[in-house]
Amino acid sequence: MLTVEEALEAILSRVSVLGTERVEVVGALGRVLAAPVVSRREIPPWANSSMDGYAVRAEDTGGGAVLSVVGRVEAGALAARTIGRGEAMRIFTGAPLPAGADAVVPQEDVDANDGHIALRGRVDHAAYVRPRGEDVRVGDRVLEAGTLLTAAEVGLLATLGHAQVHVHRRPRVAILSTGNELADLGTEPGPAQIPNTNTYSLMAQVLEAGAEPLNLGVAPDRLEAIEERVRSASDADVLVSSAGVSVGELDLVREALTRAGAELHLWKVSMRPGKPITFGSLGSRHVFGLPGNPVSAMVTFELFVRPALFKMAGRRRLTRPRLRVRALEPVPNPGSRRGYLRVQLETTGQGLGARLTGEQGSAILRSMVAADGLAVVDPDTTIPVGGEVEVLILRELP
Ligand code: AMP
Ligand code: MG
């Protein structure tokens, strides 16, 4: 059986970054820049005031000087004239500094009356002035290819005049649930049926990973039916199925994938929950067969599909952050497979601590709902109270 690391390596070595497209700048949030951005602008474009006050010549401001106010300049306007010796100009935040001025005195630092201001002390050269190009210079390489775009980068791109941005394409991910027992959303489950969970949790995980889900619905446990659905997703980059990938007579997903033309690269990984998972190539598409139990499907998506989607989208950091925290109760992992146990995090006097979310059965979806992260525990190991436990973080910290 492969270790989680070996399986992930086998997957990532076969997955490559997708092509690029241009998207509108706000829509680029969460996407990865495909080309570096070099500024054609100076930001700010001219020296300007960072305060409401008076533009002055610093050299005129010694020992209780009185200056005459010769004009006014507001944000969005240019000063009508240059200021000369002994002169000042009323100025507002963001207004261009008038020619001749080299500093600003905040209005609260002067006594103003009758067209004059009396200064209370010396003003330093360049005080309260934001120089031209203080933030960005023409020719600055402000963003590198491969940058994950957050709100700050979106703001910078807009500042530099980019209404559209060149980014990597988002993976399109077709989701297929399999199983005779599944009643899909919108139909009331019959006597021996259960509701279809996985289509929806997996589609949501695809969205959370910044990719685009396509719903292929539910296929019954029949080879031809599964094969036909697999073939139908020809415009997807990735196909993710759930269930039917174990060793039972009705576990037909691997054979259906093979019949549809897929080459399967792995099966079975030493982990709990999970274990039966398959990954293969079908033309230019990648196919994942995840286990059917809702928690197993979500956890194997986290560990294998999400990093693959990130790599395709051009992201550099492919895995979730991990923290070492204190066990607030014993965290047992009996058995020979590595455990990924659902835990809740709590802030304690000694930093963050982890507590199991309760029953860890792979069909107990509420253990996932309650989980802030997955405690990664070696086989045949129980982490004692107060011991250090490594947690893969799934959501924002409490
Ligand atoms: P299987 O791998 O087909 O044996 O499925 C394992 C378990 O997961 C069974 O109890 C299935 O009923 C359940 N299961 C499979 N698919 C889904 C699904 N889409 N939603 C909820 N449970 C499922
Ligand atoms: Mg089944």
Side-chain angles (χ1 to χ4, degrees), residues 1-2 7 173-209 213-230 232-233 236 238-260 262 264 266-280 287-306 335 337 339-340 342 357 359-371:
M1 230 182 312
L2 295 177
V173 187
I175 304 291
L176 174 64
S177 284
T178 68
N180 290 336
E181 71 277 37
L182 299 179
D184 210 350
L185 205 54
T187 60
E188 208 43 48
Q193 287 190 307
I194 58 160
N196 172 14
T197 303
N198 297 346
T199 291
Y200 303 97
S201 48
L202 291 170
M203 285 179 75
Q205 285 182 293
V206 168
L207 283 169
E208 269 182 355
L214 310 165
N215 185 356
L216 291 187
V218 176
D221 292 314
R222 272 194 299 108
L223 263 182
E224 309 71 43
I226 301 170
E227 182 188 341
E228 183 249 294
R229 296 293 173 100
V230 169
S232 75
V238 177
L239 171 83
V240 178
S241 74
S242 63
V245 77
S246 193
V247 293
E249 280 159 50
L250 291 178
D251 290 334
L252 303 171
V253 165
R254 292 166 64 241
E255 192 180 340
L257 288 171
T258 309
R259 282 167 62 143
L264 301 184
L266 60 91
W267 185 42
K268 289 191 180 171
V269 179
S270 180
M271 61 182 287
R272 192 172 66 101
K275 184 164 117 177
I277 107 149
T278 190
F279 166 74
V287 295
F288 290 87
L290 305 185
N293 278 306
V295 174
S296 309
M298 289 193 75
V299 170
T300 49
F301 183 98
E302 268 299 327
L303 294 182
F304 303 113
V305 185
R306 191 175 192 272
R337 290 179 274 149
Y340 290 86
R342 279 74 76 203
T357 58
E359 280 299 324
Q360 295 286 313
S362 59
I364 299 178
L365 190 56
R366 287 176 67 179
S367 69
M368 222 34 212
V369 170

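Both ligands and their constituent atoms are indexed starting at 1 by order of listing. Reckoned from all heavy atoms, side chains included, excluding hydrogens, waters and symmetry mates.
Applying side-chain contact (heavy atoms from CB on, under 4.5 Å) to Trp267 and the options Thr278, Leu2, Ile277 leaves one that passes, Thr278.
Protein residues having at least one heavy atom under 4.0 Å from any atom of ligand 1 are Ser177, Thr178, Glu181, Leu182, Ile194, Pro195, Asn196, Thr197, Asn198, Ala243, Gly244, Asp251, Gly292, Asn293, Pro294, listed by chain and number.
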Side-chain donor-acceptor distances from residues 287-301 under 3.5 Å, at least two apart:
from: Asn293; atom 1: ND2; to: Ser362; atom 2: OG; distance (Å): 3.4
from: Thr300; atom 1: OG1; to: Ser296; atom 2: O; distance (Å): 2.6
from: Thr300; atom 1: OG1; to: Ala297; atom 2: O; distance (Å): 3.1

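With hydrogens and angles disregarded, no donor-acceptor distance shorter than 3.5 Å links the side chain of Glu359 to the backbone of Ser367.
Here the closest heavy-atom approach between residue Ser177 and residue Thr199 is recorded as OG-OG1, 2.7 Å. When all heavy atoms of Leu216 and Ala233 are compared, the pair lying nearest together is CD1-CB, 3.7 Å.
With 3.5 Å as the limit, one finds no donor-acceptor pair spanning the side chains of Ser241 and Thr178.
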